[in-house]
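Read through the structure below, which is laid out as structure tokens, and then see the notes.
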Amino acid sequence: MTLILDIVLRLAVWLLLAPLLPGIINKVKAWVAGRRGPPVLQLYYDLAKLWRKGVVLSTLASPGFVAGPAVAWVALTGAAMLMPLGPAGSVVSFNGDVLLLIYLLALARFCTVWAAMETGSAFEGMGAAREVSYAVLAEVAIIAAVLSLSVETGSVSLVTMLSPSLGTGAVLLAAGLFTVLLAENCRVPFDDPNTHLELTMIHEVMVLDHSGPPLAAVLHGASVKLLLFTVLLVQAVLPMGELSPLGAIAALAAGVLVVTVGVGLAESLLARLAFRRVPLLLTTAFLFCLFALLVAWKGGAE
Amino acid sequence: MTAAPLLLVAAGGMVLGILIGRMTPRLWLMVTLVSVIAGFAAGAMVLGGGNEWEWRSAFLVGGEPLHLRLDAISAFFLVLLCVIGGAGAVYGHGYWSKLAHPRSVRSGRLWWSVLLSSLGAVLLVSNGLHFLIAWELFTVSAYFLVTLDRQRSEVRAAGWLYLGASHVAMLCLFAFFTLLAVRTGSWELGSMRDRSELAPLFWLALVAFGLKAGMFPLHVWLPSAHANAPSHVSAMLSGVTLKIGIYGLVRFSGWLPVPPEAGWVVAFLGVTSAVLGVAFALGQHDLKRLLAYHSVENIGIILIGLGFALVAMGQDNAGWGRLALAGGLLHVWNHGLFKSLLFFSAGSVLHSTGTREMSQLGGLWRMMPWTASLFGLGAVAISGLPPLNGFVSEWLIYLGLFDATLARGPSAWMAIPAAILLGMTAALALACFAKVCGVVFLGAPRSQAAAHAHESGPAMRGAMVLLGAACMAIGLAPVVFWSAVVRAVDVWNPVWTGAATSDHAWPVALSELGLFHVALAVLALVAAVWLWRRVRRGSFSRALTWDCGYALPTPRMQYTAGSFASIITEWFAWILRPVRHEHRPETLFPQSASFTSHTPETVLEYVITPVTEIVMRVSRAARSLQHGRLQFYLLYLLIGLAALAVVVLLGGGK
């Protein structure tokens, strides 16, 4: 009974809070540019509107075109259930759950790409090709980051891995994970969530042909993924285990807010990279995580 | 009840199958199925906790008494052989039918039976000489199956390459077993871990079995043989015979002592095979050749597990080695299942469209929904995604590598790069299968053949459904299979039996993983169905792909296999060496322009072929000494005698 209550509460927190993040990012961008900008709750309105709208399907699309976003959404929500929330821990926790989390993100990617390829369009093929290619480097960086957390704490379970702080390596790990966050969530400088018609995009171009409820699932799933990465980054860096429960919750919330504002600032102040530079930046992120691993290694040896 | 009566039924069925294979297809199929079911039951009995079965007889074969043994390792591979062998027989019944292939359908059945029985014999015999006989028989029968369609010249070329490469492996095996027999004084095989002077023989075994398993860079025979064989044979080659190479490595690294650096070498070769195998796969435009390169990748993943188990054994039998080997062995099953499933689906595409070129396919889901969804299932499994079986075995290997890192010994220096590159391999495999699914099954048909495809018959679909179900079973209930895997691991290294500290932790983690997988699968299904119904209930219409407003998209505008993979193949251009044929638009009003690119068999064309050419040149030069003129032969004799005389005189005339 408590388990069910726990799951319901968590789902409520994750699913209801996630769409707030893109709103905050947009507000920060508007503030930097001196505009008023859309309301913080804009994505909630969009989702509600999309859910009521009808759907136009491509004549080429199979039921997989709709199933793709649905399965991707389930995978991302499942990943969120694995992610511990400060003192509350996570719903299920076992040795190696961290790898399951990484691979759930990969499953979501596979489903999104599958749905994109359904349309037979060159645009969406291009976006899909970019998505899977750059994800290779992002995944390598994440594995290095996870290894460094694992070496630091001597564990392969998320709850224990994320409780202590990383000490000296924290800065490196934060830099690496922040870059991966930007890449995986299709933010500037990797991708531009504002443009829809450019040949320069990754994620947006994959969902060009989605409409109505499936598009709502895609957008909501993307916001859950953003929240997931933010929570991961904050907990990897802050010493969650050493704070009192209330303090930890407050620190987590403040950290998420800081990272979100950081994304907004990065998006306002940086230009999008040329595509041939993207691998270079992702490799840099990997090196940050690798150095964090070396620092963790060295720290443990003393 | 022991395994003996079941094995007797299996063997009897196989012999009967060989006898009647040429005549009665239905009876042959039934006999074969009964036989593989009996074999499966025997293997499952041993894996499920039954006693090992051993049988020594006074009956001599080739001058040696027959000695058979079914322990957990043999049983582990026997079960896979029976599943794929049975599924392949059913599939082949529909795929290689009498109507389509009147010339080879009978010999196809015959050689299938011979292949299954010789593979079974390889797994059961416990005598070096009999191992060699069974091995050669299996190599030759696989050759005849690969070249069933030998009217086509590329099939003959592929078969020839396969036969040549297999006999290089055979030569190494001859050397291995004779040296072993000379040093131990008997052809009998069994555990002899304590005789450390046998350790160097491991290198011979590594070359022989590695070549058979398709380990990089000894994989040169594999892509063309797998691509050109009939698809049920490709599935058998990839799903089982490669694993027999792994069986050899596991068997003899368990029975014989290994040199201390063996584990490092195997792990290094595994990582290389994994990353480069998938990189080469990304460069392919031929559906079956692409799948063949994925076998190289997956053999690499298995070898990572085995390599780290060997490293762990060298370092006080660390517990993580057990985990790595369990992951590697489970991946043997998993790869056997999903790769056979993928080859079956590729075969059903080939069967209905007549082409393996991905640039000719597209949009097949509409005509072939079963094949498309089962291929999709196999793609999710081979990309190592939850909730299917590929993830479970990769997860175990990862955990072995993580524990090796946490142990902080010298092994960590290899485990860290291996874990990172394993992650890279999985991401690359995802990219590759996203490409295949998208280009072959989704979008619009790129040719008339693809537009008029048809779904395959019940026999072919049935075999595919069986394998798909097996993939799901291992993914959703991994803990059920854990004890079988552990039994094989403990036979490999008995020291680990119950000694590992985390003995109880892993089944718990696995059952939690299984529960999570079940929840994920159920919820994904519910969500997909619900969203689909929601879409159908609302205002719903079909229109051309919007694509930012193209009024008249044509199938040729779609992304192709080459363009989808181009970003990644660019990164690996240093080893793939892609060949580009470019015809640029030249004048002000160009009439034509074209661009094609393909990835050659780099290792074969740039390494093996030049070396064989040098060998051929030397041989040709030597041949000019042989001209059939008696006078010159006498002269050679004279020179030889003179040389001997000089040697004897200079050596002191003793």
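Hydrogens, waters and symmetry mates are skipped; everything else that's a heavy atom, side chains included, is used. Residue numbers begin at 1 in each chain, while the letters A, B, ... track the order of the sequences.
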Measuring heavy-atom distances to chain B, does [X] have an atom under 4.5 Å in its side chain, in its backbone, in both, or in neither?
{"X": "A:R52", "answer": "backbone"}
{"X": "A:S155", "answer": "backbone"}
{"X": "A:A128", "answer": "both"}
{"X": "A:W51", "answer": "both"}
{"X": "A:A72", "answer": "neither"}
{"X": "A:S93", "answer": "backbone"}

Only pairs of heavy atoms separated by less than 4.5 Å count here; which of [options] has the most with chain B?
{"options": "A:P279, A:G212, A:G154, A:S121", "answer": "A:S121"}
{"options": "A:V140, A:I143, A:L100", "answer": "A:L100"}
{"options": "A:D209, A:V132, A:L293", "answer": "A:D209"}
{"options": "A:D97, A:L82, A:V113", "answer": "A:L82"}
{"options": "A:F65, A:F286, A:W73, A:F110", "answer": "A:F110"}
{"options": "A:G96, A:P69, A:A67", "answer": "A:G96"}

### Message
Is there a side-chain contact (heavy atoms from CB on, under 4.5 Å) between B:L515 and A:V92? Walk through the geometry before answering.
### Response
CA-CA 10 Å; B:L515 280 179; A:V92 273; over 6 Å; no
Check: [Y] and [X] side chains under 4.5 Å, non-hydrogen atoms:
{"X": "A:Y103", "Y": "B:E394", "value": "yes"}
{"X": "B:L406", "Y": "A:S150", "value": "yes"}
{"X": "B:W546", "Y": "A:V56", "value": "no"}
{"X": "B:L525", "Y": "A:V71", "value": "no"}
{"X": "A:L137", "Y": "B:W571", "value": "yes"}
{"X": "B:I416", "Y": "A:W297", "value": "yes"}

### Task
Mind checking salt bridge (charged side-chain N to carboxylate O under 4.0 Å, His left out) for B:R446 and listing every partner two or more places apart, or none if nothing turns up?
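Result, salt bridge (charged side-chain N to carboxylate O under 4.0 Å, His left out) vs B:R446: none returned.
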### Query
Who passes salt bridge (charged side-chain N to carboxylate O under 4.0 Å, His left out) against B:E570, sequence neighbours left out?
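Partners of B:E570 under the salt bridge (charged side-chain N to carboxylate O under 4.0 Å, His left out) test: B:R580.
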Residue pair [X] / [Y]: nearest heavy atoms and the distance that separates them:
{"X": "A:L147", "Y": "B:A419", "value": "CD1-CB, 4.1 Å"}
{"X": "B:W395", "Y": "A:N95", "value": "CZ2-O, 3.1 Å"}
{"X": "B:P386", "Y": "A:L107", "value": "O-CD2, 3.3 Å"}
{"X": "B:L385", "Y": "A:A106", "value": "CD2-CB, 3.5 Å"}
{"X": "A:A129", "Y": "B:Y559", "value": "CB-CE2, 3.8 Å"}
{"X": "A:T59", "Y": "B:L544", "value": "OG1-CA, 4.1 Å"}

Under 4.5 Å from any heavy atom of chain A - which part of [X]:
{"X": "B:R537", "answer": "neither"}
{"X": "B:L421", "answer": "neither"}
{"X": "B:F391", "answer": "side chain"}
{"X": "B:F516", "answer": "side chain"}

### Message
Is a donor from one side chain sitting under 3.5 angstrom from an acceptor on the other, for A:S58 and B:T545?
### Response
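Yes, side-chain donor-acceptor contact under 3.5 Å.
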### Message
Strictly distance-based, threshold 3.5 Å: is any side-chain N or O of B:R542 a donor or acceptor partner for the main-chain N or O of A:A61?
### Response
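Side chain of B:R542 to backbone of A:A61: a pair is present.
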Let me confirm one number: the [atom1]-[atom2] distance from [X] to [Y], rounded to the nearest 0.5 Å.
{"X": "A:L99", "Y": "B:L399", "atom1": "CG", "atom2": "CG", "result": "6.0 Å"}
{"X": "A:W114", "Y": "B:L442", "atom1": "CH2", "atom2": "CG", "result": "5.0 Å"}
{"X": "B:I567", "Y": "A:M126", "atom1": "CD1", "atom2": "CE", "result": "9.5 Å"}

### Message
If the contact rule is any heavy atom under 4.5 Å from chain A, which residues of residues 526-535 of chain B qualify, in numerical order?
### Response
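So far as heavy atoms go, B:A527, B:A528, B:W530, B:L531, B:W532, B:R534, B:V535 are the residues that approach chain A to under 4.5 Å.
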### Task
Report, as yes or no, whether the 6.0 Å neighbourhood of atom CE on B:M367 holds more than 12 heavy atoms from other residues, nucleotides or ligands.
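Enclosed.
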#### Entry: Qualifying side-chain hydrogen bond (donor to acceptor under 3.5 Å, both in side chains) pairs, either residue in residues 131-141 of chain A, two or more places apart
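Checked against side-chain hydrogen bond (donor to acceptor under 3.5 Å, both in side chains) - neighbours excluded - the pairs reaching residues 131-141 of chain A are A:R109-A:E139.
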